[in-house]
Number of protein chains: 2
Amino acid sequence: MPEVPCPVTRPPREPRRPLTLRDVSEASGVSEMTVSRVLRGRGEVSEATRERVMAAARQLGYVPNRIAGGLASARVNLVAVIVPSLANMVFPEVLTAATEVLEGAGLQPVVGVTGYDPDREERVLYDMLAWRPAGVILAGLEHGAATREMLRAAGVPVVEIMDVDGEAVDSVVGISHRRAGRQMAAAILDAGYRRIAFLGTMMPFDHRARKRMEGFEAVLAAAGVALAAREFYSGGSALAKGREMTQAVMARRADLDFLYYSNDMIGAGGLLWCLGQGFDIPDRLGLAGFNGLELIDGLPRRLATMDACRREIGREAARIVVAGRAAAGSRIELTPVLAPGDTIRGLR
Amino acid sequence: MPEVPCPVTRPPREPRRPLTLRDVSEASGVSEMTVSRVLRGRGEVSEATRERVMAAARQLGYVPNRIAGGLASARVNLVAVIVPSLANMVFPEVLTAATEVLEGAGLQPVVGVTGYDPDREERVLYDMLAWRPAGVILAGLEHGAATREMLRAAGVPVVEIMDVDGEAVDSVVGISHRRAGRQMAAAILDAGYRRIAFLGTMMPFDHRARKRMEGFEAVLAAAGVALAAREFYSGGSALAKGREMTQAVMARRADLDFLYYSNDMIGAGGLLWCLGQGFDIPDRLGLAGFNGLELIDGLPRRLATMDACRREIGREAARIVVAGRAAAGSRIELTPVLAPGDTIRGLR
DNA sequence: CTGAAAGCGCTAACAC
DNA sequence: GTGTTAGCGCTTTCAG
């Protein structure tokens, strides 16, 4: 990556007109083309020239204009990354991992947030494609028709992340949430629990949570077990909601012996409430969440969970974008591992 | 904001060459100039023409090229937002609030992450300024000389956020962390605690945490009280670290009667550990954190804390950028409120 | 209300 | 190694 000629001294005068390559060219007595080469670190340039150019650029405080550069070269170092939310730690983590890989390749993520709203997703994508990014990473496989069409026509790598249960436009990196739900159900049944409740978010467009629940119920049904209760929430502090939902569901069905939460944060809230009630965990009552958040390490007991492979997803998605056309159509299904923690009996 | 002419039907053929205004112009029989007007929603255009153009654009799946547009108009709808980290929920929250305001004004945030590293901050800023953003929002007042110089020379609104203790390049929106530390110290002393420890992060560039500690110690010193212990951590799950640090510090100084944490997450970990130990909180031992995270609502006891005004900071910073030159040099100091929770005695 | 011409600041593709 | 020429796809400006 080219060196950054940041200004260390104040330029002689505050020029009203923005600086251009020409200014650096004149100040250094080198042609614009060569200045451009130096600043991009491309092409063979003699060391002497290079230094004169860098000195002039630094001196003036010149910052190259990528808008012009992008137009001229039809190459842009931006990568669109579109996630449903930043409030759920899962996405900042995916983003952080993706950013590390992208930066290493000289690419710059541009983050868009949809709020789990397909219309906003469409708008956000449209706005980002207007910058002709070098790639698109976006969460989920469910998109509006127009969104899919834009992705298809974008002509750059598109990576749909988090989920693999569905049809991808181009590449996918994620886990099977249906399978994750099934796996958790099997473990719970194995451990002998039978009066099981599901506690989750009330978001029509959180397809991954829905799929986990579907997989979960399917396995229960196959074993002749029906969900004994369901509880949904929306908004507010997830930890507090976990607490409230748990209290509510236990008030309705005191005989429940297992609570499956759609994420670790509400699970943690539920766990704290249950411990406060003095419930015998995991014998009388088992609990499990989803995501494998770091947070779990600090709870009085480790909540059973399943790793959503967030960092790996971010990293692999970024790699696919970096690889360009070579990696088109990749499909990477990661395998979440059940971490039984201390809240499922007999599974230590 | 202009309507989004997203494609609802597949274009007739997959064109290899990217679409341009000219394609829409030809397909609609309207000049490029008028197509441009329609797509941007600028200038007077007859309804009939408008509809023909929109239909053609939608049909083709045309997405305007903002690179070319930005170059021609020297106007860009991007706003650089530079934060130290996404792992600390504080920043995603600021970002979310800022995004709401920016989107409402047709601006698009571009997020950069520095990892609390001044050199990375400089690089990130350089990369962002290369896109000639309409404004810059960045955390903190402490920057390298080159970074300050770039900010000064950017020629667009610059808003430094989170902190007001220091000299700003242009506008500032934040709170005084020194004052926050002082205020907390005063409250703790008022409540009669005297053997006080500080537990925090070991980050040389987390200036805000440092300032809180400085303010905190200053008030203690003025009252003739010295910090009885300090404990620092880095990396790992903050909740777990809070637990470990608390255990460690209490092992060293069992007579401590107050623990002041540099953030709520480690404070929550400490609180959970203390409750597990059966400590008499808040009488025998008081606790306080910082930030006012939502998370607190779900803990067995409400941790005392002080709101960092995160959403308000994001919102106001974005407003200043939206206002443009009119708001240059603004200074907004917000006042964090002490939320005594259940962990400081006599302050319910 | 609509159109034609002239760049925006840079880089690809060639010369030298 | 270095310089020259011609655009990239839009929008500004000015005519009609």
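Within every chain, numbering begins at 1; the chains are lettered A, B, ... in the order of the sequence lines, protein sequences first and strands thereafter. Small disclaimer: the values here were computed from a predicted structure and weren't measured.
Out of C/dG7, C/dG9, C/dG3, the shortest distance to the side chain of A/A68 is found at C/dG9. Comparing D/dG3, C/dC8, D/dT2 by their closest approach to the side chain of A/M33 singles out D/dG3. For B/V45, taking side-chain heavy atoms from C-beta onward, the closest of the listed nucleotides C/dT2, D/dT11, C/dG9 is C/dT2. Residue B/R37 has its side chain nearest to D/dC14 when only C/dC10, D/dT2, D/dC14 are considered. The listed nucleotides are C/dG7, D/dT4, D/dG7; the one nearest the side chain of A/S31 is D/dT4. Side-chain proximity of B/S46 to the nucleotides D/dG1, D/dC10, C/dC1 is greatest for C/dC1. With C/dG9, C/dG3, D/dT11 as the choices, the nucleotide that has an atom nearest any side-chain atom of B/T34 turns out to be C/dG3.
For the residue pair B/L71 and A/A68, the shortest heavy atom distance occurs at CD1-CB, 3.7 Å.
Per the geometry, CD belonging to B/E32 stands 11 Å off C1' belonging to C/dA4, to the nearest Å.
Residue A/R50 places no side-chain atom within donor-acceptor reach of the base of D/dG1, judged by atom type and a 3.5 Å distance cut-off alone.
Ion pairing of B/E103 with A/R120 is present here, as a side-chain N (NZ or NE/NH1/NH2) and a carboxylate O approach within less than 4.0 Å.
Distances shown here put every side-chain N or O of A/S73 at or beyond 4.0 Å from the OP1 or OP2 atom of D/dC8. Within the 4.0 Å cut-off from OP1 or OP2 of D/dG9, not a single side-chain nitrogen or oxygen of B/Y62 is found.
Among residues at least two apart or in separate chains, salt bridge (Lys or Arg N to Asp or Glu O under 4.0 Å) pairs with a member in residues 311-324 of chain A are A/E100-A/R311, A/E316-A/R319.
As judged by a 4.0 angstrom heavy-atom cut-off over every strand, B/R22 is placed among residues making no nucleic acid contact. Within the 4.0 angstrom heavy-atom criterion, no nucleotide atom of any strand lies near A/R42.
Formation of a donor-acceptor pair under 3.5 Å by the B/S25 side chain with backbone atoms of B/L21 is not found in this model.
Residue-to-nucleotide proximity on DNA chain C shows that, of B/L71 and B/E44, the 5′-proximal contact is made by B/E44.
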